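As the structure is a computational prediction, the values presented were derived from the model and not from experiment. We number each residue from 1, following the sequence as shown.
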Amino acid sequence: MFGLFKKKPKEKQAPKLLDLNSNPINEGDIVTSLRYDLGDCKVVLEELVFFYESIETGERVSYVRMVDAITENQKVILKKD
């Protein structure tokens, strides 16, 4: 009887990211970084953590380092096709 109300373990999910203009960012998108002189970057998802990988230099930066303190969005701009 006491086993009926056990908490189910939560499935871990990748965070939902928004660019500076509140557009959703997904894996594989190309964005322009406004920090760390990365230039244009590709969004890479690795073990439920997003990274911005510079197309020019190959440098990778975690999404956590790109958070804008005021809006809590990412300091990147999504490039439209």
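Criterion: ILVMFWY side-chain heavy atoms under 4.5 Å apart, direct or through other members. Under it, Leu17 and Val49 are part of a common hydrophobic cluster. Met66 and Leu18 are assigned to two separate hydrophobic clusters, defined by single-linkage of ILVMFWY side chains at heavy-atom distances under 4.5 Å. In the hydrophobic clustering of ILVMFWY residues, with side-chain heavy atoms under 4.5 Å counting as a link, Tyr36 and Ile77 come out apart. Residues Val76 and Leu20 do not share a hydrophobic cluster, defined by chaining ILVMFWY side chains whose heavy atoms lie under 4.5 Å apart. Under the 4.5 Å side-chain contact rule for hydrophobic residues, Leu78 and Ile30 do not share a cluster.
Counting only distance, with no hydrogens or angles, the side chain of Ser54 and the backbone of Thr57 share a donor-acceptor pair below 3.5 Å.
Contact detail for Glu56 and Asp40: the closest heavy-atom pair is OE2-N, 3.9 Å. Looking at every heavy atom in both residues, Glu46 comes nearest to Phe51 through CB-CE1, 4.1 Å. Summarising the geometry of Leu45 relative to Ala14, their closest heavy-atom pair is CD1-CB, 3.9 Å, with the distance given to 0.1 Å. The shortest heavy-atom contact between Arg35 and Val67 is NH1-O, 3.3 Å.
To the nearest 0.5 angstrom, Asp29 atom CG is 12.0 Å from Cys41 atom SG. A distance of 8.5 Å separates CD1 of Ile25 from CZ of Phe50, quoted to the nearest 0.5 Å. The distance from the CG atom of Asp68 to the NZ atom of Lys75 is 4.5 Å, given to the nearest 0.5 Å.
Other residues, nucleotides and ligands contribute at most 12 non-hydrogen atoms within 6.0 Å of the CD atom of Glu72. Around CG of Asn21, the count of heavy atoms belonging to other residues, nucleotides or ligands within 6.0 Å exceeds 12.
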Exercise for review: Using the side chain to side chain contact (heavy atoms under 4.5 Å, CB included) rule, take Val43 and Glu53 through it: C-alpha gap first, then chi angles, then the decisive distance, then the call.
Suggested key: CA-CA 6 Å; Val43 180; Glu53 186 174 286; over 6 Å; no

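A cation-pi contact, defined as under 6.0 Å to the ring centre and within 45° of the axis, is absent between Arg60 and Tyr52.
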